[in-house]
2 protein chains.
Amino acid sequence: MLSHKTKYALKALLYLAQQDKDYISKTIDIAVGASIPKKFLEQILLDLKRGHFVGSKQGKFGGYYLLKSKEEITLAEIHRFFDGAIALLPCASINFYEPCSDCKNESECLLRHGLIAIRNETLKAMEGITIASLEKK
Amino acid sequence: MLSHKTKYALKALLYLAQQDKDYISKTIDIAVGASIPKKFLEQILLDLKRGHFVGSKQGKFGGYYLLKSKEEITLAEIHRFFDGAIALLPCASINFYEPCSDCKNESECLLRHGLIAIRNETLKAMEGITIASLEKK
DNA sequence: TTTAAATTCTACTAATTTTATAGAATTAAT
DNA sequence: ATTAATTCTATAAAATTAGTAGAATTTAAA
């Protein structure tokens with residue numbers, strides 16, 4: 001499941017994608033427009049900025065805008081950025097690999113192979129969803 | 001991600017699947033054989049019993065055995081039983097549907113459609129993985 | 001009928017993660 | 001200067017996860 005944080009991030013990105021190109025949105029407008037708690041959204045936008053998904057302008061008349069194009073931002077990427085691994089266990093993950101502490105011999109683990117198959121399918125699907133594709137319904 | 005509980009449940013089911021048909025395994029043997037904390041495993045086996053995945057025999061020389069055939073038990077089923085929805089948000093779930101409290105109009109939600117597509121793909125993959133298929137590597 | 005060995009049940013706890021909120025500091029435009 | 005925005009640091013409440021403890025019950029067998 002997605003955390004609220006990830007859900008809010010996706011909604012915020014969708015909101016920004018729907019504004020005119022280079023229009024600068026204030027946090028409060030995103031919060032109201034996308035029904036996201038404002039203070040929580042502040043943190044999320046800062047995270048998105050650190051991830052180079054959005055840019056910001058400080059001070060009066062400041063705000064946020066998309067940095068990456070909406071065709072480039074995938075669900076897989078946002079999921080990994082906020083919620084981590086796509087795989088169902090760390091031992092089946094590409095980007096967040098970790099061995100299981102309870103695993104005697106990973107190469108003989110019967111579970112892992114199945115989970116890698118699932119991860120491949122899910123990943124393919126999640127990489128196909130972009131902010132732009134979501135917008136087009 | 002799978003919870004440890006779900007991971008342990010799958011490992012326990014795999015352990016049972018690998019014993020001779022109708023052999024009754026003691027909790028302690030499953031715990032040691034599959035590297036699962038024994039007390040935690042007790043709870044998990046009780047849950048699996050209540051879900052009619054395993055059967056038990058009480059008292060001395062008691063223990064657990066598979067009730068459903070290993071070809072019938074899917075990853076999707078075990079995931080739902082312990083960790084709940086396959087979908088990334090409750091609003092995109094079949095079995096655990098709930099509307100988002102922050103959603104103004106679900107039919108207009110741009111996120112939901114994409115998440116339903118993901119869920120369909122993931123579900124198909126997870127229904128294809130059974131305890132028996134895991135065993136065959 | 002007693003003992004041993006297993007499941008079953010209820011309750012508790014400790015740690016972690018999630019979901020925020022508070023408030024001060026900084027920045028920039030007017 | 002003033003206003004209005006982002007930025008930063010810290011805190012906190014709630015929920016979830018991952019277990020543990022210990023007594024009760026059940027069954028087989030001596």
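Naming: A, B, ... by sequence-line order, numbering from 1 per chain. These figures come from a predicted structure and were not determined experimentally.
Residue A:Phe40 is classed as a base contact, given a heavy-atom separation below 4.0 Å to a base.
Each of B:Gly59 and B:Pro37 lies near DNA chain D, and the nucleotide nearest B:Pro37 is the one positioned closer to the 5' end. In terms of position along DNA chain D, the nucleotide closest to A:Lys26 lies nearer the 5' end than the nucleotide closest to the other residue of the pair A:Lys26 and B:Glu42. Toward the 5′ end of DNA chain C lies the nearest nucleotide of A:Leu2, the other residue of the pair A:Phe61 and A:Leu2 mapping further downstream. Along DNA chain C, the nucleotide closest to B:Gly63 and the one closest to A:Gln58 are compared, and the more 5′ of them pairs with B:Gly63.
You'll find the side chain of B:Ile73 reaches within 4.5 Å of the side chain of B:Leu66, heavy atoms only.
In this entry the distance linking CG of A:Asp102 with P of D:dA18 reads 11 Å, nearest Å. Rounded to an integer number of Å, the gap from A:Ile44 CD1 to D:dT7 P is 14 Å. Going from atom CG of A:Leu46 over to atom P of D:dT9 covers 10 Å, rounded to whole Å. In this entry the distance linking CG of B:Leu45 with C1' of C:dT7 reads 10 Å, nearest Å. Note: NZ (A:Lys5) to P (D:dA15) measures 19 Å, nearest angstrom. Residue A:Met1 contributes atom CE, which lies 15 Å from atom C1' of C:dT19 at whole-angstrom precision. When rounded to the nearest whole Å, the span between CG of A:Asp29 and P of D:dA5 equals 8 Å.
Side-chain atoms of A:Lys60 lie closest to D:dT3 of the nucleotides D:dT3, C:dT8, D:dA10. Among the nucleotides C:dT8, D:dA28, C:dA20, the one closest to the side chain of A:Tyr8 is C:dA20. Closest contact between the side chain of A:Tyr64 and the listed nucleotides C:dT21, D:dT7, D:dG22 involves D:dT7. You'll find that the side chain of A:Arg50 is closest to D:dC8, out of D:dA28, D:dC8, D:dA18. The listed nucleotides are D:dA23, D:dT7, C:dA29; the one nearest the side chain of B:Lys39 is D:dA23.
Checking the phosphate oxygens (OP1, OP2) of D:dT16, no side-chain nitrogen or oxygen of B:Ser3 falls inside 4.0 Å. Between B:Lys57 and D:dA28 there is a side-chain N or O to OP1 or OP2 distance below 4.0 Å. Listed pair A:Thr27 / D:dT6 meets the phosphate criterion, a side-chain N or O lying under 4.0 Å from OP1 or OP2.
In this model, no side-chain donor or acceptor of A:Gln43 finds a partner on the base of D:dT7 within 3.5 Å.
In this structure, B:Ala92 and B:Leu115 approach most closely via the heavy-atom pair CB-CB, 3.8 Å.
Cluster membership check: B:Tyr8 does not share its hydrophobic cluster with B:Leu67, using side-chain heavy-atom separations under 4.5 Å among Ile, Leu, Val, Met, Phe, Trp and Tyr.
Taking the six-membered ring wherever Trp is involved, the centroid distance between the rings of A:Tyr23 and A:Tyr65 does not fall below 6.0 Å.
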